[in-house]
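Below is one structure, written out as structure tokens; the observations come after it.
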Amino acid sequence: MKRHLLFDVAVFVGLVGLAVATRLVMFQPNFHAVTAATLFAGFYFRSRLVAALVPLAAMTASDLVIGGYAREVMLTVYLCMLVPIAWRGLLRNRLSAPRLALVSVASSLFFYLVTNAAVWYAVPWYGPGLPGLAACYAAAIPFLYNALAGDLLFTAAIFSAYALALHFAPRSITATPTIAPASA
């Protein structure tokens with residue numbers, strides 16, 4: 001049992017580390033591994049709380065370096081980063097590349113729609129009403145493209161690494177899966 005706990009700790013630290021590193025390097029805004037790490041955490045960990053700690057720890061650690069922004073927007077961003085955990089049942093029932101792509105894109109679109117509405121509401125950069133909201137969404141389209149690309153790329157990489165690890169792991173390690181049944 002201790003061996004599995006060590007693997008779980010290593011997975012947790014690895015996911016948080018990858019998410020933080022990609023946010024700090026940030027070749028393009030919103031091109032990072034936080035959503036992908038959260039998708040995998042939701043799939044992998046039995047506890048939803050442990051899974052939720054992955055994006056919260058990653059966002060908190062990286063925001064300490066990057067800096068903060070409007071409180072309402074930060075709260076919305078952090079809450080939206082938890083949404084990929086909701087897909088755990090869908091992924092655990094039947095993990096497949098199309099499902100991964102679907103939940104990755106859905107997470108990106110949800111994040112785009114909700115966080116940009118929060119920006120429009122909380123920050124006086126755009127006008128009031130629907131024209132202001134539309135201008136906010138239009139200005140954020142490049143960020144959506146980056147988020148989609150990063151989420152798809154890092155989701156594919158993380159889940160592919162997991163599949164390879166399962167393939168090459170000794171039977172004694174894979175005999176007791178870390179994930180709970182889909183009903184958990």
Side-chain angles (χ1 to χ4, degrees), residues 8-9 11-91 100 102-155 157-158:
D8 287 354
V9 170
V11 169
F12 182 89
V13 170
L15 290 172
V16 171
L18 176 65
V20 169
T22 56
R23 277 198 86 213
L24 295 180
V25 169
M26 207 179 323
F27 295 112
Q28 295 290 324
N30 285 21
F31 187 89
H32 54 68
V34 180
T35 302
T38 308
L39 278 171
F40 187 77
F43 167 78
Y44 180 82
F45 293 110
R46 288 182 182 179
S47 167
R48 284 182 177 90
L49 176 61
V50 172
L53 289 175
V54 169
L56 295 177
M59 293 297 293
T60 301
S62 55
D63 278 344
L64 287 173
V65 176
I66 296 169
Y69 33 98
R71 183 174 298 158
E72 299 93 342
V73 177
M74 281 187 79
L75 179 61
T76 304
V77 166
Y78 279 56
L79 289 173
C80 285
M81 283 296 173
L82 298 174
V83 168
I85 296 168
W87 305 118
R88 69 191 278 137
L90 182 65
L91 296 178
L100 281 172
L102 175 68
V103 298
S104 182
V105 169
S107 297
S108 300
L109 292 174
F110 181 85
F111 183 85
Y112 167 79
L113 291 171
V114 175
T115 59
N116 284 293
V119 167
W120 169 76
Y121 176 79
V123 183
W125 297 338
Y126 304 97
L130 288 178
L133 181 60
C136 182
Y137 282 128
I141 288 174
F143 298 98
L144 173 62
Y145 291 149
N146 291 340
L148 285 166
D151 293 349
L152 287 168
L153 174 75
F154 288 113
T155 297
I158 291 170

Distance-only, no hydrogens or angles: does the [X] side chain make a donor-acceptor pair with backbone N or O of [Y] under 3.5 Å?
{"X": "Thr22", "Y": "Ala33", "answer": "yes"}
{"X": "Trp87", "Y": "Leu102", "answer": "no"}
{"X": "Thr60", "Y": "Ala57", "answer": "no"}
{"X": "Tyr69", "Y": "Met74", "answer": "no"}
{"X": "Arg88", "Y": "Arg46", "answer": "yes"}
{"X": "Asp63", "Y": "Gly68", "answer": "no"}
{"X": "Tyr137", "Y": "Leu113", "answer": "yes"}

**Report entry** Trace of the side-chain contact (heavy atoms from CB on, under 4.5 Å) decision for Arg23 with Ile66
**Finding:** CA-CA 9 Å; Arg23 277 198 86 213; Ile66 296 169; 3.9 Å; yes
Query raised in the report: If you measure only the distance, is there a donor-acceptor pair under 3.5 Å linking the side chains of Asp151 and Ser104?
Result: no
Query raised in the report: Distance only, no hydrogens: is a donor on one side chain within 3.5 Å (strictly under) of an acceptor on the other, for Asp8 and Tyr44?
Result: yes
Query raised in the report: Taking all atoms of both residues into account, what is the closest heavy-atom pair of Ala139 and Pro142, and its distance?
Result: O-CD, 3.4 Å
Report task. Would you name the heavy atoms of Pro84 and Thr35 that are closest together and state the gap between them? Result -> CG-CG2, 3.8 Å
Query raised in the report: When rounded to the nearest 0.5 angstrom, what is the spacing between CG in Leu148 and CG in Leu109?
Result: 6.0 Å
Report summary line: Interatomic distance, OG@Ser62 vs CG@Leu24, rounded to 0.5 Å, equals 6.0 Å
Got [X] and [Y] here, is their nearest side-chain heavy-atom distance under 4.5 Å?
{"X": "Phe111", "Y": "Asn30", "value": "yes"}
{"X": "Leu56", "Y": "Met81", "value": "no"}
{"X": "Thr115", "Y": "Val73", "value": "no"}
{"X": "Leu18", "Y": "Ile158", "value": "yes"}
{"X": "Trp125", "Y": "Trp120", "value": "no"}
{"X": "Val119", "Y": "Tyr126", "value": "yes"}
{"X": "Ile85", "Y": "Thr38", "value": "yes"}
{"X": "Leu100", "Y": "Leu152", "value": "no"}

**Report entry** Stepwise side-chain contact (heavy atoms from CB on, under 4.5 Å) test for Phe45 and Val11
**Finding:** CA-CA 9 Å; Phe45 293 110; Val11 169; 3.8 Å; yes
Query raised in the report: Under 30°, 30 to 60°, or over 60°: which ring-plane class applies to Phe43 and Phe40, parallel, tilted or perpendicular?
Result: tilted
